[in-house]
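One structure is given here, and the rest of the page talks about it.
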Number of protein chains: 2
Amino acid sequence: MASIGKVEMKPASGSAETIRADGLRIISDPVRGSAWICAQLRQAILEGAYAHGEKLPAERQLAQAYGASRTTIRAALGQLEQERLLTRRVGSGTFVNFRAPSDAEDIAEQTSPIELIEVRLAVEPHMVRLAVLNATARDIDRLAEALARMQTGSRDAEAFTEFDEQFHQLIAEASRNPLMLWLYRQINQVRGHSQWNQMKDKVLTGQRIAEYNEQHRALFDAIRSRDVEGAVAIVTNHLYYARRQLLGADAA
Amino acid sequence: MASIGKVEMKPASGSAETIRADGLRIISDPVRGSAWICAQLRQAILEGAYAHGEKLPAERQLAQAYGASRTTIRAALGQLEQERLLTRRVGSGTFVNFRAPSDAEDIAEQTSPIELIEVRLAVEPHMVRLAVLNATARDIDRLAEALARMQTGSRDAEAFTEFDEQFHQLIAEASRNPLMLWLYRQINQVRGHSQWNQMKDKVLTGQRIAEYNEQHRALFDAIRSRDVEGAVAIVTNHLYYARRQLLGADAA
DNA sequence: CGGAATGGGACCAAACTTAGATCATGCGCT
DNA sequence: AGCGCATGATCTAAGTTTGGTCCCATTCCG
């Protein structure tokens, strides 16, 4: 594997830099400083050389690769982290946090978070209705698992969004309607690319995550007990609630 | 393609890295670890290297194959299981749970007319609501034209279906929500390919076409007069009506 | 000179990996 | 049914990797 792209390119020798010998032409660019390394990495990320979520080489390895000290590498990575292009986790590594618009649908760019909520408001209530009516015991087990994961592991907006997508997609599966599932997957894809991602950090405070978790719990209980109207009401309110907060964030 | 690329590192073991004198060129495996193994397996599955339901090698064998510990392999498999790409059964093995990506046409074949109606029942009421709220005068003009065409030229089931799709898509446009419009186009595409086409001749009798036309007329009037609840009620009944007839046709 | 950036090293705590042992389950065979 | 075996699930203990932090010497540049 790794046949694709994963080769090539040296971080050094970007443009005609450091003409040794005579030392004229020294002008050059920021030669191999943290700023230069930062620019190289940023370009690589923005060009999609690294997939979203992919792990970068460890700092010590990058240092060796770029022929720089770890301090310098850390300065560059720190800058990129501030730009929200990277996420760093102790003991784990440094990860890319940028989705290349390569596979992003045009439609995602044109869709505002409000419009996305409107569409979900159209689809999800009836989807939940079908889910309550058609969910198998296995579906409900899966929902329970997802709910447990969500309530234990959703400390930040990033993780919560991911779990939230999983949860709602499981409901889509529980509807046992292939077209409905396909449709919701499309919506989820848009959701992953939309401008929502740029504002969710501001909207999803810790308290709101807790509130959403409560609503998810209530929705699950309604589905499990086959309470059609209750489930529909909960998901409808859930989305109205989210829309209200989006409108508030817009105003702010 | 002499672009800036990713820096490839090698793990501590394995092949010697090759650092060139002039610059640096780093080779070798991208950081093996559970995340990397997970990515490898995911790509293999998504590429169809494993058929749906096929059994993967046992964990102990995978561990040996990847030169990693069983714990690491299990971490990767666990991630893929969470992504619902795998299913694991004690005593049996690990199995692929992924079907070749369904495009619109595949989905259409898997979708029964009833399921299609269910999805439309989910989407269209709220879509109509948005349309009533957001339709421009131009939108309403276009709807009027389509309605006129439909009522004059819909003698057979074929022609009526075409006009009907146009009419509903115009409503989607009137919602002024690009995602909604895109979504409805997808639905319409499925509609064009589905098994519906094979039974519509039997369902769409001349009388029923006339009834549908009446309903369309009423829906248009409601939209034009900005009667939100009225329009929603009409389209909902319209679809329930169609569903009832489909169920009748199924029974027959 | 003096400040800023860089290099190089040490140490820490968190997360990950490894290597086992043991258990529980399901399958195939007699 | 009973048995043996392969497989996934779980646990423990230790080792390794990794980003976070601090310190100090060196280099670069005004």
Side-chain angles (χ1 to χ4, degrees), chain A residues 11-12 17-18 20 23 26-41 53-82 85-97 141 145 148-149 152-153 155-156 159, chain B residues 7 9-14 17 24 28-41 53-82 85-97:
Chain A
E17 27 109 38
T18 48
R20 46 183 39 98
I26 321 164
I27 0 145
S28 65
D29 337 305
V31 192
R32 296 257 192 125
S34 68
W36 182 78
I37 293 174
C38 177
Q40 296 294 306
L41 288 174
E54 189 174 346
K55 185 185 174 196
L56 259 61
E59 292 180 356
R60 291 166 176 87
Q61 292 178 327
L62 279 175
Q64 188 178 355
Y66 279 102
S69 75
R70 196 173 154 224
T71 309
T72 305
I73 295 295
R74 280 187 59 76
L77 294 180
Q79 171 64 28
L80 293 174
E81 186 184 28
Q82 269 198 336
L85 258 42
L86 293 180
T87 296
R88 298 201 274 188
R89 288 203 299 276
V90 181
S92 187
T94 303
F95 300 86
V96 174
N97 183 32
D141 287 345
E145 293 163 16
R149 281 199 304 271
T152 62
R155 248 7 286 160
D156 55 35
Chain B
V7 181
M9 300 304 313
K10 63 145 200 197
S13 66
E17 72 195 276
L24 29 159
S28 81
D29 322 313
V31 201
R32 80 195 200 286
S34 69
W36 179 75
I37 294 174
C38 177
Q40 297 294 109
L41 289 173
E54 189 175 346
K55 181 175 180 292
L56 258 62
E59 292 179 357
R60 292 166 175 86
Q61 294 174 4
L62 281 174
Q64 188 176 358
Y66 277 101
S69 76
R70 212 181 134 216
T71 309
T72 304
I73 296 295
R74 281 185 58 76
L77 294 180
Q79 171 65 31
L80 293 174
E81 187 185 28
Q82 248 196 12
L85 258 42
L86 292 180
T87 298
R88 298 200 275 189
R89 285 201 297 277
V90 181
S92 284
T94 304
F95 301 86
V96 175
N97 180 30

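In the text below, chain A, chain B and the rest are named by the order of the sequence lines, each starting its count at 1. What you see is a predicted model, and the numbers here were worked out from it, not measured in a lab.
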Whole-Å distance separating the [atom1] atom of [X] from the [atom2] atom of [N]:
X       : N      : atom1 : atom2 : value
B:Leu77 : D:dT7  : CG    : P     : 13 Å
A:Phe95 : D:dT18 : CZ    : P     : 10 Å
B:Leu86 : D:dA9  : CG    : C1'   : 16 Å
A:Asn97 : D:dG19 : CG    : P     : 16 Å
A:Gln64 : C:dG9  : CD    : P     : 12 Å
B:Leu62 : D:dT7  : CG    : P     : 11 Å
A:Arg60 : C:dA10 : CZ    : P     : 12 Å

Open item on the list: Between A:Phe95 and A:Arg89, is there a side-chain heavy-atom distance shorter than 4.5 Å?
Closed with: yes

Open item on the list: Counting C-beta onward and ignoring hydrogens, is there a side-chain heavy-atom pair between B:Leu77 and B:Leu62 closer than 4.5 Å?
Closed with: yes

Open item on the list: Does B:Gln64, at its CD atom, have more than 12 non-hydrogen atoms belonging to other residues, nucleotides or ligands within less than 6.0 Å?
Closed with: no

Could you list the protein-to-nucleotides 13-20 of chain C atom pairs, N/O on both sides, closer than 3.5 Å?
residue: C:dA15; atom: O4'; partner: A:Val90; partner atom: O; Å: 3.2
residue: C:dT17; atom: OP1; partner: B:Ser34; partner atom: N; Å: 2.7
residue: C:dT17; atom: OP2; partner: B:Ser34; partner atom: OG; Å: 3.3
residue: C:dT18; atom: OP2; partner: B:Ser69; partner atom: N; Å: 2.9
residue: C:dT18; atom: OP2; partner: B:Ser69; partner atom: OG; Å: 2.9
residue: C:dT18; atom: OP2; partner: B:Thr72; partner atom: OG1; Å: 2.3

Shortest non-hydrogen contact from [X] to [Y]?
X       : Y       : answer
B:Ala68 : B:Ile73 : CB-CD1, 4.5 Å
A:Cys38 : A:Gln79 : SG-CG, 3.5 Å
B:Ile37 : B:Ala76 : CG2-CB, 4.0 Å

TODO: Could you tell me whether the phosphate oxygens of D:dA9, OP1 or OP2, come under 4.0 Å of any side-chain nitrogen or oxygen in B:Arg74?
DONE: yes

